[in-house]
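For the numbers below, each heavy atom of this structure counts, side chains included, while hydrogens, waters and symmetry mates do not.
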Amino acid sequence: MTALSPAPHKMSARGVSVFYGDKQAVKDVSIDVDMDKVTAFIGPSGCGKSTFLRTFNRMNDTIASARVTGEITLDGADIYADDMDVVQLRARVGMVFQKPNPFPKSIFENVAYGPRIHGLAASKSDLEAIVERSLKRAGLWEEVKDRLSDSGTALSGGQQQRLCIARAIAVDPEVILMDEPASALDPIATAKIEELIHELRGRYAIVIVTHNMQQAARVSQRTAFFHLGQLVEYGETDNLFTAPREERTKDYITGRYG
Amino acid sequence: MILGLGLIGWLTARARAARFDRGGRKRLHSLPAQHGWYVGMWTILPPLLFLAIWSAVSPSLVRQTVLQSPAAAGLSDFAFERDSVLAQARAIAEDPFAGDGDPLAQQLAPVVGATRTRYAWIGSAAAILLAFAGGAFAISRIRPDFRARSKVERTLMMGLLVASLIAIFTTLGIFVSLFWESTRFFEQVPITQFLFGTHWSPQVIDAKNPGASLGAVPLFWGTFFIGAVIAMLVAIPFGLMSAVYLTQYASATTRRWMKPTLEMLAGVPTVVYGYFAALTVAPAVRKLAVLLGDPFASSESALAAGLVMGVMIIPFVSSMADDSLAAVPTAMRDGSLAMGATTSETISRVLVPAALPGVVAGVLLAVSRAIGETMIVVMAASGAATITLNPLQSATTVTKQIVDLLTGEAEFDSPKTLAAFALGLTLFIITLLLNIVALRVVKKYREAYD
Ligand SMILES: Nc1ncnc2c1ncn2[C@@H]1O[C@H](COP(=O)(O)OP(=O)(O)O)[C@@H](O)[C@H]1O
Ligand SMILES: [Mg+2]
């Protein structure tokens, strides 16, 4: 994370701050996201993890009061530049939310949603192939292949979340942002999601927000610890958990607060 | 006078309760005021109930007494004649200068007056007695540990229950009376003829076969055409679009003034819409028809009425659609936007489908409102019962015909008048069904997001 240019990283944030009105939620954060790594954001609730994550696909644009400064690049191109097409950006940088949010449509239509709006499938069989491949990658295919026309909202919570992951990967993104994807799930469903993250690593650059430090330790190679909107410490997951450089990090991972 | 008595009873009770309360304030289970209310209720309610019953039965008691009095000896045996004399006597008793007629009535009047006063006194005395008895009973029950509070709550609850039942019973009553009059109609006209007959001309009714000109299909068609087709063609797109704009695009400030303004449309008296339809829209539609090559176009058209009705209905559709769009979780919207969908794609592919049940329910309610609407059609549509697909032609509706039938000069049990009740009943049933379906849809939809 030393070189500012030319970035070999998939995505880089440089001096990013986010304001909600006058209130600064993220303060001058710089971070890199790489293709073969899972990056975890940890930190106490309200420290700005979600807010920062949402700058990577410009979801903060949907909040009227939010303002982002600094620079974020995807393959070296500034995603906040005027000529950046948000629609294209979000097709390349997918997102999975904290609470599973499948559309009130069939399982098939949920996964087909992205390919349809981006015109990725030339034919119906094309579309079916994409849906099948995405569901397989999300580890959901075996469970739902006989009931693709059932409503996506009728699935269990864990299945819904994997459906949302399938929906995100159906448009073949390069980066997947996950905001506490397992926090609303039971331990078994959580384990499945973690397993899935392992399998997806390498194919996609993955950024995961979690408040669960064991989870961060299990799934990520890099961890960033946030506190009160600041990036306190950022490094290899193993190092950060075994030998934190900062006092605050140590306090946090030993459970002194948060 | 009765009210005054009630007030006096109430005041006495309050005074007594207050006196008692002051004595035993410390260890009362319920607050002194609650004891006061308890006593007050016992003082007021029984006499009021009694007076209500008394005022219902006392006229017949008065009548009996008067009939037995010696002054009534000269009364005719014919019930009809006797009643008319009695009625006159009553009038004179109330207002001594009213009478000029029957000498017998003049003679009876003082008797009637005296008897009435006597019964009134008896009633009032009994009421006062009851008030005292009730009050005394209630006071006697007051102990420090007496749960006056829960009793008062119970009574209040009963009162509220009765109040809410009144609306229900009124509806039921309306339904029963409609049903009753309708059965009388269907005794004279076969129901199939009424429901499936296609000829409607109540002005010329063949006494031997009244059903032949009382076929309601043209009315049903006109109602459907104006209220459910033309009006909805206006209301659905505009209502939906305004809801989408208000929930998805409008800034908070815009929404703050725009939503109430739109909802104010619903508060405009329908007569005003009627003027608008008859004086502004109808002539414009006529001009359009003339332009389209019909020089004899009537100024009363289905289109004019339907258009204005549609405008009137917009707030209904819009506010239901608004509510159901707002009920779609933001997570749904974010999910779609995060997939790279544009706002309009998100609206049309996710939000509106997700909100559809609510929107449909809103439309159903709007339809039921539209087909029951009267003023606009009375003012802007004609009475000509035609079955037509041409919106420029005139059409008539069930409500309009009910008005025509009931304002005509006909006896109250002619098929023509009774037809109005049958129409009313049909309309009632249809709107009721629409409402039930709509409410069920809404309920299911609510459950889906809870
Ligand atoms: N839409 C918003 N408008 C205003 N303030 C917000 C909004 N979302 C989050 N915040 C504030 O920004 C700070 C960071 O929030 P968030 O990014 O959700 O934290 P985390 O995900 O780490 O729990 C919090 O103080 C929160 O109250
Ligand atoms: Mg968060």
Side-chain angles (χ1 to χ4, degrees), chain A residues 50 53-54 56-65 85-106 109-120 151-154 160-161 163-173 175-179 184, chain B residues 240 243-259 320-321 323-362 441-450:
Chain A
S50 301
L53 187 74
R54 289 159 64 95
F56 284 85
N57 65 345
R58 290 183 56 174
M59 275 303 279
N60 286 324
D61 291 11
T62 65
I63 298 169
S65 68
D85 180 4
V86 178
V87 167
Q88 282 310 310
L89 170 70
R90 290 181 186 156
R92 293 173 65 189
V93 183
M95 187 165 210
V96 176
F97 294 80
Q98 180 166 359
K99 201 164 158 272
N101 59 349
F103 303 134
K105 297 169 179 283
S106 71
E109 283 304 322
N110 261 283
V111 183
Y113 186 76
R116 277 195 207 279
I117 55 177
H118 295 293
L120 299 184
S151 172
T153 50
Q160 287 190 17
Q161 195 61 301
L163 178 62
C164 292
I165 294 176
R167 182 176 73 190
I169 59 191
V171 292
D172 229 354
V175 183
I176 300 179
L177 311 173
M178 299 185 177
D179 191 351
Chain B
L240 199 55
V244 165
Y245 175 74
L246 281 177
T247 53
Q248 306 301 323
Y249 291 98
S251 70
T253 5
T254 317
R255 190 178 157 84
R256 202 154 39 234
W257 65 262
M258 212 165 180
K259 199 168 146 69
M320 282 293 283
D323 289 349
S324 32
L325 277 172
V328 177
T330 23
M332 217 69 92
R333 178 164 170 265
D334 286 351
S336 171
L337 292 174
M339 292 298 302
T342 61
T343 310
S344 60
E345 279 166 344
T346 301
I347 290 166
S348 62
R349 286 166 185 254
V350 175
L351 296 183
V352 170
L356 200 59
V359 175
V360 169
V441 172
V442 169
K443 189 153 162 275
K444 271 192 96 154
Y445 170 69
R446 291 270 146 77
E447 280 163 6
Y449 286 122
D450 281 344

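Between Val350(B) and Phe103(A), the closest heavy-atom pair is CG1-CD2, 3.7 Å.
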Could you list the donor-acceptor pairs under 3.5 angstrom formed between side-chain atoms of residues 93-102 of chain A and any protein atom two or more places apart in sequence or on another chain?
residue, atom, partner, partner atom, Å
Gln98(A), NE2, Ser183(A), OG, 3.3
Asn101(A), OD1, Arg167(A), NH2, 2.9
Asn101(A), ND2, Ala331(B), O, 2.7

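Heavy-atom neighbours of chain A within the stretch residues 337-345 of chain B, taken at a separation under 4.5 angstrom, comprise Leu337(B), Ala338(B), Met339(B), Gly340(B), Ala341(B), Thr342(B), Glu345(B).
By number of non-hydrogen pairs under 4.5 angstrom with chain B, the leading residue of Arg54(A), Arg92(A), Arg116(A), Met59(A) is Met59(A).
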